[in-house]
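Taking it in order: structure first as structure tokens, then the write-up.
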Amino acid sequence: MHGKLRPVGSRVPLPSSVAVSMPWDSAYEAEYCASGTDALAMAIGLAILARPGVEKPEVIIPAYGCPDLVAAIVSQGAEPVLVDLVPETPFMDLHQLSEAVTDRTVAVVGVGLLGIPERLEELAEICNDHSLALIEDSAQCFPPHSTRQRVADFVVLSFGRGKPINLMGGGAMLHRGSLTGEQQRYLEGLPKEKIQTGFLWRVKRVLFNLLMSRIGYLLLERVPGLGLGKTRFEPHGVVTRREIPAGVLSAGLKHQSVRSSPHVLYEQQLQCLERAGWVLLGRERFRVAGMIAENPRLRFALLAPDAAMRDEVVRALNAAGVGANGLYEVALPGVDGIPLSKPQHEFPVAADFAARLLTLPCHEDVTGADVRRIAGILRAVGDLSPG
Ligand SMILES: *Cc1c(COP(=O)(O)O)cnc(C)c1O
């Protein structure tokens, strides 16, 4: 094969002339903003205002995740409190979550990693017991779980590169439409920008989409100093609202809803690796929730039997032109420059998860032949079981 199959990312569609309704229209109101990080920061700002008098507010997040979670929390003057994961899953340990709640806790963030929704109903029980806001971070998961079950108080969406709906940036914060006067004033006090979809936007879109081709991605990866896909901590600036034209949003939603996702074929092809100690992430969750077909994955995620095997498979796949990788590679405390005090070894499950996670491309350009070829390499390198 020529070029390289990008790890993630869908093409940016042209704005549509027909506005479609949003899947959250009946349950939530949307405030659009400049990014998913802005959306999360806004939700946290609102959660803090809902609990006046809390001196140094705390927000609970999983110990493995996107460093922007920490940036958003810190930007609102709050402190991130990490909770370790349930072994072999991306989900927070509920017992440790309950233990982490203090009288300064204002919110819990449930993250749908790579398209696998958190068990929000169970998080909601804990939040209700302690009057905490439940925030569904659905930046990697579309449609958000809360549009089916109106369970979260706030929902975070991202329209950035490498997210389910790529609009070259942007985000949305969904709320239940029952904001207090003070919360409304907070939102209205945030700066607001407008997106123009003129000539420059269209040129940028064409370039963006060209770089998603196999040749485009191979070239992009070779640009020195770009640090494509590297995990870094970046402090968040001013939280900014954004007007996103209805045609841009509608096109993004339509494009997302008609895309095929090869995750079912991956499952069929890779199931046999389970006897060699691999874990196909999300299978149980989807079986329980009965939503395998409707929820595409952002990337197909597995846990290798150990870190060495993960690294070996990543090397083999990349050598074969497949953009497979370990996503963030470290748990949150291990991210360069991140303002967290507890070290990674205090979250052993998240550290283990980070070292063993393998993600495979699962976007619209991954063909059935690609999946079979990827699975073939994985079985050849990763299956150490006898016979
Ligand atoms: C990407 C991401 C964000 C931040 O979204 P941006 O639009 O990149 O700011 C927040 N949470 C999760 C889980 C993400 O994956």
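Residue numbers run from 1 in the order of the sequence given. Note that ligands are numbered from 1 as they come in the structure, with each ligand's atoms numbered from 1 the same way.
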Can you list the steps and then say if Arg11 with Asp365 is a salt bridge (charged side-chain N to carboxylate O under 4.0 Å, His left out)?
CA-CA 10 Å; Arg11 286 190 178 70; Asp365 291 343; 2.9 Å; yes
Per-atom contacts, ligand 1 versus [X] - under 4.0 Å to a heavy atom:
X: Ser158; answer: 5 (O), 6 (P), 7 (O)
X: Thr37; answer: 4 (C), 5 (O), 6 (P), 9 (O)
X: Asp137; answer: 10 (C), 11 (N), 12 (C), 13 (C)
X: Val111; answer: 13 (C)
X: Gln140; answer: 13 (C), 14 (C), 15 (O)

**OP:** Have a look at ligand 1 and work out which part of Ser35, if any, has a heavy atom under 4.0 Å from it: side chain, backbone, both or neither.
**Re:**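 For Ser35, backbone and side-chain atoms both sit under 4.0 Å from ligand 1.
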Query raised in the report: Is the backbone of Ser261 close enough, under 3.5 Å, to the side chain of Arg297 for a donor and an acceptor to pair up by distance?
Result: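 Answer holds: no.
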Check your understanding: How are the rings of Tyr328 and Tyr64 set to each other: parallel, tilted or perpendicular (split at 30° and 60°)?
Key ->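 Ring orientation of Tyr328 relative to Tyr64: tilted.
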Q) Mind checking what makes side chain to side chain contact (heavy atoms under 4.5 Å, CB included) contact with Ser158, not counting sequence neighbours? A)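 Once residues adjacent in sequence are excluded, the partners of Ser158 under the side chain to side chain contact (heavy atoms under 4.5 Å, CB included) criterion are Ala139, Lys163.
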Salt-bridge test for Arg241 and Glu31: reply yes if a basic N is under 4.0 Å from a carboxylate O, no otherwise.
->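 Answer for the salt bridge query: yes.
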*Should Asp370 and Arg214 count as an ion pair when the cut-off is N to O under 4.0 Å?*
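A salt bridge is present here (some side-chain N lies under 4.0 Å from a carboxylate O).
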Checklist entry - Going by the salt bridge (Lys or Arg N to Asp or Glu O under 4.0 Å) test, which pairs reach into residues 304-313, not counting sequence neighbours? => result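 Matches after skipping sequence neighbours: Arg310-Glu329.
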_Heavy atom of Asp68, distance to ligand 1 below 4.0 Å_ =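 So Asp68 counts as touching ligand 1.
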* Between Gly36 and ligand 1, does any nitrogen or oxygen pair lie at a separation below 3.5 Å? ->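 By distance alone, the answer is yes.
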Measure from atom 2 (C) of ligand 1 to every heavy atom in His236, Arg161, Lys163 and give the option owning the shortest one.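 Result: the heavy atom closest to atom 2 (C) of ligand 1 is in Lys163.
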